[in-house]
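Atom set for the values below is all heavy atoms of this structure, side chains included, hydrogens, waters and symmetry mates excluded.
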Amino acid sequence: MTLPPDPQPPTAPDPEAPRDPAGIAPLEHALRLAEALVFAADRPVAPERLQAVLPAGLRAEAVLTLLAARYAGRGVELTEVAGGYAFRTAADLAPLLTKVVETPRRLPRVAMEALAIIAYHQPVTRPEIEEIRGTSLSQATLELLLEQALIAPRGRKEVPGRPTLWATTPRFLEQFGLRGLTDLPRREELLAGEAGPTLSGTGTAA
């Protein structure tokens with residue numbers, strides 16, 4: 001009768017062999033990296049930004065898509081916004097939270113009207129904004145939009161006086177939860193109070 005061979009002792013790990021960070025699989029490590037980066041970032045995380053810290057062979061777009069799938073249906077979801085990704089409260093829960101979370105002050109309606117005109121007609125000059133509104137635009141309103149980083153100068157129009165051209169910023173897209181300008185809602189929706197961005201500082205408009 002042939003006896004089975006003696007069991008071989010387990011092979012000791014090669015101390016020179018590369019190991020996954022934190023002792024986990026590369027994909028799981030990439031998901032943790034993406035989650036930590038999006039959580040800590042002060043603005044939406046673009047795939048290119050994540051790609052710089054991912055293990056070789058993994059694509060940022062694929063990692064972010066998988067992470068978004070993991071968060072789908074949770075109270076906080078990973079949302080594509082302003083050319084990047086950010087955590088946002090689930091849309092169906094947001095109305096319920098207004099009962100317990102203090103609502104920040106929003107832009108005055110006159111500022112929202114000017115912002116809507118800039119968004120839909122950009123790049124646009126101040127006289128053109130005033131012509132569309134049918135009334136003058138105060139310097140305070142323009143400064144408020146600048147202070148909130150919702151608009152920025154985009155050169156000058158080649159007409160007498162060379163007035164400044166104004167356009168929206170990535171911050172505008174982020175505030176309204178838009179992936180790009182092609183996702184702009186109807187002007188009426190943009191002007192609705194619940195759609196407006198909150199003020200990050202103090203300011204007045206007239």
Side-chain angles (χ1 to χ4, degrees), residues 18-107 112 115-116 118-120 122 145 147-152 154 167-201:
R19 296 190 301 172
D20 296 329
I24 58 178
L27 180 56
E28 192 63 33
H29 175 62
L31 287 167
R32 293 178 69 233
L33 268 176
E35 184 179 38
L37 179 58
V38 174
F39 178 79
D42 60 352
R43 62 185 185 278
V45 174
E48 298 79 14
R49 190 176 174 194
L50 173 62
Q51 191 68 59
V53 297
L54 286 181
L58 291 176
R59 293 190 308 107
E61 292 84 354
V63 172
L64 288 165
T65 297
L66 182 55
L67 185 62
R70 285 196 175 187
Y71 272 86
R74 297 188 182 184
V76 174
E77 297 180 332
L78 185 65
T79 305
E80 187 177 359
V81 56
Y85 288 79
F87 287 122
R88 292 287 187 267
T89 303
D92 62 312
L93 299 180
L96 300 175
L97 297 183
T98 59
K99 300 177 181 179
V100 293
V101 177
E102 183 179 352
T103 303
R105 188 164 58 92
R106 296 187 179 275
L107 283 175
M112 281 300 303
L115 182 59
I118 294 172
Y120 284 99
Q122 60 186 307
L145 295 176
E147 177 186 313
Q148 299 300 313
L150 297 171
I151 64 171
R154 290 291 183 267
T168 56
T169 63
R171 176 71 173 169
F172 165 80
L173 297 176
E174 180 184 350
Q175 284 285 305
F176 283 89
L178 305 173
R179 288 177 295 179
L181 292 174
T182 55
D183 294 329
L184 276 172
R186 291 181 305 166
R187 184 175 174 182
E188 294 77 12
E189 296 173 355
L190 192 65
L191 286 172
E194 55 271 16
T198 57
L199 294 175
S200 59

Could you tell me which non-hydrogen atom of [X] sits nearest to which non-hydrogen atom of [Y], and how far apart they are?
{"X": "Pro26", "Y": "Pro55", "value": "O-CG, 4.3 Å"}
{"X": "Val38", "Y": "Ala86", "value": "CG1-CA, 3.8 Å"}
{"X": "Glu77", "Y": "Arg74", "value": "CG-O, 3.6 Å"}
{"X": "Glu35", "Y": "Phe87", "value": "O-CE1, 3.8 Å"}
{"X": "Leu150", "Y": "Phe172", "value": "O-CB, 3.6 Å"}
{"X": "Leu78", "Y": "Ala68", "value": "CD2-N, 3.7 Å"}

Beyond-backbone contact of [X] with [Y], side-chain heavy atoms, under 4.5 angstrom:
{"X": "Arg88", "Y": "Val76", "result": "no"}
{"X": "Leu64", "Y": "Val45", "result": "no"}
{"X": "Asp183", "Y": "Leu173", "result": "no"}

Please report the interatomic distance [atom1]([X]) to [atom2]([Y]), rounded to the nearest 0.5 Å.
{"X": "Glu28", "Y": "Leu33", "atom1": "CD", "atom2": "CG", "answer": "11.0 Å"}
{"X": "Glu174", "Y": "Thr79", "atom1": "CD", "atom2": "OG1", "answer": "11.5 Å"}
{"X": "Leu181", "Y": "Gln122", "atom1": "CG", "atom2": "CD", "answer": "5.0 Å"}
{"X": "Gln148", "Y": "Leu107", "atom1": "CD", "atom2": "CG", "answer": "6.0 Å"}
{"X": "Arg59", "Y": "Gln51", "atom1": "CZ", "atom2": "CD", "answer": "8.5 Å"}
{"X": "Glu48", "Y": "Glu61", "atom1": "CD", "atom2": "CD", "answer": "7.0 Å"}

Decide side-chain contact (heavy atoms from CB on, under 4.5 Å) for Phe176 and Thr168; before the verdict, give the C-alpha distance in whole Å, the side-chain angles of both, and the deciding distance to 0.1 Å. CA-CA 12 Å; Phe176 283 89; Thr168 56; over 6 Å; no
Verify, without hydrogens or angle tests, whether Thr169 (side chain) and Ala152 (backbone) share a donor-acceptor contact under 3.5 angstrom. no
